[in-house]
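All values reported here derive from a predicted model rather than from experimental measurement.
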Amino acid sequence: MNKKEKIIIISFSILLGIFMYNLFLSGFYSIDTERIDSQGYFDYAIKDAYIKDGRIFSAIIFALLGFTNLSIKTVYLTNLGISILILSISVLEIYKILNKIKPTNNKKKILYFIVSFLYVFNFTLIDIMQFIDSFVINISILFFIKSLEKSIIYKNRKKGFLYALIAIFCYQGTVPVYIATAFLFCLLIYKKINKKFLSDFIISMLIMSIVGILNILFVIIVPHFFELELTSRISLSNIMKKVGDNFYNFYNIIFDCYGYFPKYLLLAFYFCIFIIILIYGIKEKKFNHVVDILSLLLVYMFSLFIMFPIESQKNIVRILVPIGEIFSAIYIYLICNTSIFEKNKFYKKTLTFILFLYFTINTYNTLKVTKEYKMANMIDQTFAKKVETKIEEEYGKDTNEVDFTIFYRNCENINYDRITYDKSLYLKGMYTTYMLNFYMNRNYKLTRKIYDENVILENFGVKNSKQLEMKNIDGVLYIVIDLSDSNILEWYKV
């Protein structure tokens, strides 16, 4: 592959990436970002999250940022640009592997590019791109792909180990990507599940086990040197609860990935492709392809189980990346291991149509979901500005400290599966102190108090006259919110 072709692949990937995430170009602020703003880059990196979670590269980068005066918005936008570049390099890596295993002419390279692009820029990526350190997470994905390329395709286990080691200390939530992609690469190289396939796959899993153990040891040992509490993720009670919850909610992954893809549409795509492959397998008497596709589907889904004891899939869709990769993985297998695109024009035209349809829906869906993310930020900002105005009215502009409490009515009426509701801290009633300070013009010392229901009934009655009501009662700002209004987005005029 020449240099010009590489530049074209990366350039197109960057342009498409910018288009898909254009709404984030004005900034997006997750709860982690708001916590960083409150605590400072250094304290968050060393004392709060990154060291405790074994994410050493994020810890170093953000600790160094603590010695600068860069704004949160500047850091996020720089991070977003680097993220898109890193993801575009990942697209190139998949594209190069496709061309190495099955070289092709110029016309088919468009197909190779789209499949490679969809493998990386899939719908689960949205949850990663919200973060101010998303570029580090995306480096983890890139390095896991490079690790498998080195260890499986080029048989360089040492380099494969080194890439995997760096990747897991960037972010552990991408481990399922490594497991699933290892299975795919082994299938591409050996064409079937045999002894050589199993040998390479087991070696890959051994590499992952070693780097995983090293990361766990870091999480257990290193925080002691900084006098930090161990992360709650490794407590036995949390592990058991998360495993149970994740298995119970697993059906949501298959149906719509918690709102990150149109409901049932993913299943419809899988069903259509499987029917075509089944017809192809019966006519050509190649049932092994049907078995391989089913195996791919199962491995990509079951690879998620490795994260079940650690993270809650409903809140952290970024650990579900293999679900977004399945579609492309099937196409990569069909391109490299079958002659379905050359054998018959019907198969080629049908599969190409499905591919372009999926590409269109994936692009539109990314634009839609990122818009819902942005709406969550706008709702939180509007709420914070209303609270700030009330503080100035009740306490005066010279006030530095404010005690407040929040009481929610009819919060069960909110559909928490909606991305906007899930990402709005105002609607969920979580981390409100961080959120308020982030969006207010002044940095108040806010202290959230426990509300007194009798005081609320006495001063606000049993029902709100409007959705948001606030009163200063004995020095405490009572904020009473009624979420029964189903048109909350229109109410905030976002």
Indicate the atoms forming the closest heavy-atom contact of [X] with [Y], along with that distance.
{"X": "S151", "Y": "I207", "result": "CB-CD1, 4.3 Å"}
{"X": "G160", "Y": "S147", "result": "O-OG, 2.5 Å"}
{"X": "D200", "Y": "I152", "result": "OD2-O, 3.7 Å"}
{"X": "A59", "Y": "A45", "result": "O-CB, 3.5 Å"}
{"X": "T124", "Y": "V321", "result": "OG1-CA, 3.2 Å"}
{"X": "T366", "Y": "N362", "result": "OG1-O, 2.8 Å"}

F113 and I8: side-chain contact (heavy atoms from CB on, under 4.5 Å), yes or no, with the steps?
CA-CA 10 Å; F113 169 71; I8 290 171; over 6 Å; no
Just wondering, do [Y] and [X] contact through their side chains at under 4.5 Å, heavy atoms?
{"X": "F19", "Y": "L367", "result": "yes"}
{"X": "F438", "Y": "I72", "result": "yes"}
{"X": "I332", "Y": "I94", "result": "yes"}
{"X": "D48", "Y": "R35", "result": "yes"}
{"X": "I9", "Y": "K96", "result": "no"}
{"X": "I361", "Y": "F269", "result": "yes"}
{"X": "M129", "Y": "F24", "result": "yes"}
{"X": "Y333", "Y": "I277", "result": "no"}

Between [atom1] on residue [X] and [atom2] on residue [Y], distance to nearest 0.5 Å:
{"X": "F302", "Y": "L304", "atom1": "CZ", "atom2": "CG", "answer": "10.0 Å"}
{"X": "L188", "Y": "C336", "atom1": "CG", "atom2": "SG", "answer": "5.0 Å"}
{"X": "M435", "Y": "D37", "atom1": "CE", "atom2": "CG", "answer": "13.5 Å"}
{"X": "I31", "Y": "Q130", "atom1": "CD1", "atom2": "CD", "answer": "10.5 Å"}
{"X": "L142", "Y": "L85", "atom1": "CG", "atom2": "CG", "answer": "10.0 Å"}
{"X": "L77", "Y": "I82", "atom1": "CG", "atom2": "CD1", "answer": "11.0 Å"}

Is [X] salt-bridged to [Y], going by a charged N under 4.0 Å from an acidic O?
{"X": "D292", "Y": "K191", "result": "no"}
{"X": "E5", "Y": "K109", "result": "yes"}
{"X": "K423", "Y": "E372", "result": "no"}
{"X": "E342", "Y": "K102", "result": "yes"}

Determine yes or no for a side-chain-to-main-chain donor-acceptor pair under 3.5 angstrom, with [X] supplying the side chain and [Y] the backbone.
{"X": "Y119", "Y": "S90", "result": "no"}
{"X": "Y44", "Y": "F62", "result": "no"}
{"X": "N79", "Y": "F135", "result": "yes"}
{"X": "D133", "Y": "V136", "result": "no"}
{"X": "S58", "Y": "R55", "result": "no"}
{"X": "D380", "Y": "S424", "result": "no"}
{"X": "N138", "Y": "L87", "result": "no"}
{"X": "N99", "Y": "Y95", "result": "yes"}
{"X": "Q172", "Y": "D53", "result": "yes"}
{"X": "Y331", "Y": "L351", "result": "yes"}

Applying side-chain contact (heavy atoms from CB on, under 4.5 Å), run through T338 and K286 and close with a yes or a no.
CA-CA 9 Å; T338 75; K286 293 182 178 180; over 6 Å; no
[X] atom [atom1], over 12 foreign heavy atoms within 6.0 Å:
{"X": "Y431", "atom1": "OH", "value": "no"}
{"X": "K155", "atom1": "NZ", "value": "yes"}
{"X": "F305", "atom1": "CZ", "value": "yes"}
{"X": "L217", "atom1": "CG", "value": "yes"}

So, is the end of the K73 side chain (NZ or CZ) under 6.0 Å from the ring centre of Y76 and within 45° of the ring's axis?
no
For F28 together with Y21, are the ring centres under 6.0 Å from each other?
no
Determine the sole option in F57, F218, Y163 for which the ring-ring contact (aromatic ring centres under 6.0 Å, His included) test with F169 is passed.
F218
Qualifying residue for ring-ring contact (aromatic ring centres under 6.0 Å, His included) with Y358, from F353, F117, F261
F261
Test side chain to side chain donor-acceptor pair (under 3.5 Å) on Y373 and D127 and set out the steps.
CA-CA 10 Å; Y373 266 82; D127 191 49; 3.2 Å; yes
Parallel, tilted or perpendicular, judged at 30° and 60°: which one describes the rings of Y347 and Y280?
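Correct class here is perpendicular.
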Under the side-chain contact (heavy atoms from CB on, under 4.5 Å) rule, what do F341 and L111 come out as? Steps first, then yes or no, please.
CA-CA 10 Å; F341 284 95; L111 175 69; 4.0 Å; yes
Hey, are S30 and D32 close enough side-chain-wise for a donor-acceptor pair under 3.5 Å?
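There is no such pair (donor and acceptor under 3.5 Å, judged by atom type) between the side chains of D32 and S30.
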Given the rule in the ring pair (Phe, Tyr, Trp, His ring centres under 6.0 Å) test, do F197 and F183 qualify, once you have shown the distances and angles that lead to the verdict?
CA-CA 9 Å; F197 172 101; F183 189 87; 5.2 Å; yes
Does the pair F131 and T33 meet the rule for a side-chain contact (heavy atoms from CB on, under 4.5 Å), with working shown?
CA-CA 7 Å; F131 294 105; T33 305; 5.6 Å; no
